[in-house]
Amino acid sequence: MRTLIRTYAPLVATLLAAAAAAPVASASNDGVISSLADFEYDENSRLASHTLVYTEGCADVIEGLFVDGGGNRYDQLLSDRYKLHPVSGEAKLDLFPQGGMLDGSDDKPITANECRAICLERGVDSSLVGAAMPHRHFSGESTFSDWFHNSCRRVEVCFMNYHSKTPMKMMWVTTQGQEKDHGTLKYGERNTKCIDSFLGHRFLFRDGDTNDILLDITVEHTLVVGVGNSPDYTGKDRDFEKEIERTLGREWKRHERVNRTCSPLGFKKGRLPDDIFASMGAFYYNNAKYRVREEWSGKGVFVNWWEVDVYFIQIPWKLKGVWQRRLLDLVAAWTGTELEQTDMYGLRRYEEGARLLTHVDRETTHAFSLIVNVAQGNLSEPWAVEVHDHAHRLHEVTMQPGDIVYYESAKCLHGRNKPLKGKGAYYVNLFTHYRPVGDPAWLDKPNPEGTPEPLIDVGECKLEGSINDVGVGAVKCDDDSIGPYLSPAMFTATSGDDLFNWWKSVGPDAEGHDEL
């Protein structure tokens, strides 16, 4: 018997410790959280449920809004989708460093309107669970109930019809099972329908001719979903090599039309603020399975869609605005110029074998831009963004999820000509664009006073590493302000023909590019 006790004692101790660490649910909440690690995460270390957090001192007044005297949730739809967690200890310090009360005191609150609270989004990565966008923090600008209703329960949902040219019927289903007409959904991405909805709401989509149910979906998070399958690509019988050669010649001439610059190199690498990255990452994670083919048939050759499918997850309009306004401040600080937002594009998901042709962006609207890497996986080697600086030297900038690259997108040629490598590799990017306020003719104007001079002469440069050492400073120049991303290929373009030769030399069938 003593042997058995000694044998199982470590196991028993481990189980007891785990039980002690796990949140213990009460009649009014889902357990007190003392460490951010105590939240429930899924198999991918993502927050498993939407979660409302607040300090223990505010538990009674906040939980009274959701739970009756018998411990029953007033709203079952919400109960199934939102966890209520008071926090203490380290979790309290991480989430509420200013204390649990809006006035910073330790007084006992009379109403929930006096308390701090945060609604955490399902799907956020465990490393970012403490980072929430400002609108998800209760600040006292409205009543607690109104804030929770508008900032936590309300979500934007978008639907696309890829089923039939005949508009499909959209129905909202009440809790009693009644179908309420919500209009029709026309075919294609350009007719995407976005509306405000709430967690737990249910929608049916019916065939416009037969009335058959095509999709029955309940809202679990901000949502973008296509009904039916996005169309296969057509027009693959073109002479793509000739078209690419002509395109690169045009892109070289386009980049020469822009006079204005804003930085020494034309680009800079940075990092997203945690709350924006958490929001973007959760949105992608929650909607990745709903990706559709990006519509490229009959369009250009900037993405090699004829060889590899390119996928797209459209961003709901209001969420796009929230992200873009935050990112504007970052880009404006980099350029030193007052900017206005013009466009945000994505999320685009590249997959194994994808290539992005060297190009510049639309001159009148895409003056200064930002690339955001939202997610990536299964890469066998880094997939660098290639940017030509103001002396046309090639830089290869490596990125990790959450990294950003500022770039002068109408002036500096950029692309990803090397194929994305790795079995099952994927790479998800967001692109956002700005220009000087109210100035579509910005490209023809001289640089404002105080603009940094373009970095042209950096002295002698030598390759001190391997030709494959991308993004690690393998090239050393006399002037180290050139940075660590100068391409080990030591490639400087002088024409569209050079860009075309680069594209050929680094393609999937090329043996190398030592000759460049």
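All values below come from the heavy atoms of this structure, side chains included, with hydrogens, waters and symmetry mates left out. Since the model is a prediction, treat every value here as computed from it, not as a measurement.
Residue-environment remark: NZ (Lys193) exceeds the threshold of 12 foreign heavy atoms within 6.0 Å. Taking a 6.0 Å sphere around CD of Glu90, one finds it holds 12 or fewer heavy atoms contributed by other residues, nucleotides or ligands.
Aromatic rings of Tyr406 and Phe267 (six-membered ring for Trp) have centroids beyond the 6.0 Å cut-off, not under it. Separation of the His255 and His390 ring centroids does not fall under the 6.0 Å cut-off. Between Tyr350 and Tyr311, the gap from one ring centroid to the other reaches at least 6.0 Å.
How far CD of Glu256 is from NZ of Lys253: 9.0 Å, rounded to the nearest 0.5 Å.
Between Phe368 and Trp334, the ring-plane angle classifies as perpendicular under the 30° and 60° cut-offs. Relative ring orientation between Trp503 and Phe500 is described as parallel, the plane-to-plane angle staying below 30° on a 0-90° scale split at 30° and 60°. Relative ring orientation between Tyr345 and Phe312 is described as tilted, the plane-to-plane angle lying within the 30° to 60° band. Using bins of under 30°, 30° to 60° and over 60° for the plane-to-plane angle, the ring pair His388/Phe491 lands in the perpendicular bin. Ring pair Phe240/Trp306 is parallel by interplanar angle, where below 30° counts as parallel and above 60° as perpendicular. The aromatic rings of Tyr162 and Tyr187 stand perpendicular to each other, their planes meeting at an angle above 60°, with 30° marking the opposite boundary.
With a 6.0 Å cutoff to the six-membered ring centre and a 45° limit on the axis angle, Arg416 counts as a cation-pi contact of Trp383.
Partner of His50 under the ring-ring contact (aromatic ring centres under 6.0 Å, His included) criterion, chosen from Phe148, Phe39, Tyr82: Tyr82.
Between Lys421 and Glu352 there is no salt bridge, since none of the side-chain N atoms of the basic residue sits less than 4.0 Å from a carboxylate O of the acidic one.
At a threshold of 4.5 Å between non-hydrogen side-chain atoms, the residues Phe198 and Val155 do not count as touching.
Donor-acceptor pairing under 3.5 Å is lacking for the side chains of Thr342 and Thr365.
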